[in-house]
Number of protein chains: 2
Amino acid sequence: MSTHASYHHGNLPRTIISAALDVIAESGPSALSLRDLARRAGVSHAAPAHHFGDRAGLLTAVAVQGFGFLADALAEAQRQSGDFLEVGVAYVGFAVGHPAHFAVMFRPELYRADDPELIAAKARAGESLYRGAAPFGASESGPDSQEAALAAWSLVHGFATLWLSGNLPAGLPADPRQAARGVASVLFSGRG
Amino acid sequence: MSTHASYHHGNLPRTIISAALDVIAESGPSALSLRDLARRAGVSHAAPAHHFGDRAGLLTAVAVQGFGFLADALAEAQRQSGDFLEVGVAYVGFAVGHPAHFAVMFRPELYRADDPELIAAKARAGESLYRGAAPFGASESGPDSQEAALAAWSLVHGFATLWLSGNLPAGLPADPRQAARGVASVLFSGRG
DNA sequence: GAGTAATCTAGTCAGTGTCAAGATTCACCC
DNA sequence: GGGTGAATCTTGACACTGACTAGATTACTC
């Protein structure tokens, strides 16, 4: 019942998203072509549009999935270690482990930022992030806690972005999580 | 001798780049169309290709210009204040002041990363950045200085990225430089 | 089994990047 | 000043893209 070689594909949306993630991870979102994805899935050029509406619709689905994964990863790190440093490391780990999702999620011009599902997924990820950074902020004496949380977020986000775009210098640990732990501990050390 | 309404435009490359910056700042690099730029400049659709080769060539020129501006901005902040916190603030100031350049510079897949001019401009910016971050790294006791410099870079880069993409929460200072100063001081405070 | 909704195909349109060939103008040298 | 070569721009063409419409096919439900 799975592989009809017939009219109905069976699981087109999932197949299209999966192929899209491959393309994005390899060549970035701008290299994405709905017709190419249709070709890979063995369907007609207009089939993807039926499920996602248009390009932005497809990327919205990717972003929703990404924010969901991110929320899970952060919550899991928070649950396992209780350490906000490890939540930051998990943020970088998600970015490197899901580069295609990450490449879309923080470019609202690529998708429908007002999509209800997207807003919900983003809020869930934000909550996980805030929960992970809260103890760090709370331990700050001088600056307020929001600034501390933003500093932590900025640091891990910046590190992940620079790592993924290949802009970091050589000589870092090959494992991005380990490299991130070293860099993030500069901010986190001696606190909390 | 400036405004012939004739065959030769006079200063097409500069005009094209300027128009490109407008479009990118408003709708991102993926919205860039060579034909649209040609239309805005009042020339034929293939004229831009003569100067830049192709799309990637145009974006390479934008990136080169951007890295040059960034190097200047960082060196100027370093010269004026001698404070690495202000160099970090200048990094964010550049990103917010030149959003179109910034949107291209750290996406190597958009341009020719092996272009000699680009490599030179990028190296110059890297040197300015390193010079600005060096005292911060040197003042670190525990972690090595490279990690400290990377932490500083990651923080300001991440903050700038999140600010530009509209992903930061409300309630921050309206002036991004001031907001950046607050956030960056979490990392920089009590050091150097 | 019939009727309806979901899924996919086929055809079309305007728009795009890129290439090749030709027209026009500029800059330089005699 | 006139002529030559290089630089600049135009015109035309090709394959490709996203988006839209209408219609064919299949699955679902009663």
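Within every chain, numbering begins at 1; the chains are lettered A, B, ... in the order of the sequence lines, protein sequences first and strands thereafter.
- To the nearest angstrom, P of D:dC20 lies 16 Å from CZ of A:Phe52.
- Contact check for A:Leu110 versus A:Arg107: side-chain heavy atoms found under the 4.5 Å cut-off.
- Whole-Å rounding puts the A:Leu37 CG to C:dC8 P distance at 14 Å.
- In summary, the aromatic rings of A:Phe159 and B:His157 are positioned with their centroids too far apart to meet the 6.0 Å limit.
- Distances shorter than 4.0 Å separate none of the side-chain N or O atoms of B:His50 from OP1 or OP2 on D:dC9.
- Residue pairs satisfying the side chain to side chain donor-acceptor pair (under 3.5 Å) criterion with at least one member in residues 57-76 of chain B, sequence neighbours excluded, are listed as follows: B:Gln65-B:His101, B:Asp72-B:Arg124, B:Glu76-B:Arg79, B:Glu76-B:Gln80.
- Ring planes of A:Phe84 and A:Phe188: perpendicular class, angle over 60° (limits at 30 and 60°).
- Hydrophobic clustering (ILVMFWY, side-chain heavy atoms < 4.5 Å, transitive): B:Leu21 and B:Leu164 are in one cluster.
- We find that CG of B:Leu12 is positioned 9 Å from C1' of D:dT8, with the value rounded to whole Å.
- Placement of A:Leu70 and B:Leu168 within a single hydrophobic cluster is found when ILVMFWY residues are connected by side-chain heavy-atom separations under 4.5 Å, directly or transitively.
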Below 3.5 Å between N/O atoms, which protein atoms pair up with nucleotides 16-20 of chain C? Just atom names and distances, please.
unit_1 : atom_1 : unit_2  : atom_2 : d
C:dT16 : OP1    : B:Ser33 : OG     : 3.4
C:dT16 : OP2    : B:Arg39 : NH2    : 2.6
C:dG17 : OP1    : B:Leu34 : N      : 2.8
C:dG17 : OP2    : B:Leu34 : N      : 3.2
C:dG17 : OP2    : B:Arg35 : N      : 3.1
C:dG17 : N7     : B:Arg35 : NH1    : 2.5
C:dG17 : O6     : B:Arg35 : NH1    : 3.0
C:dT18 : OP2    : B:Arg55 : N      : 2.9
C:dT18 : O4     : B:Arg35 : NH1    : 3.3

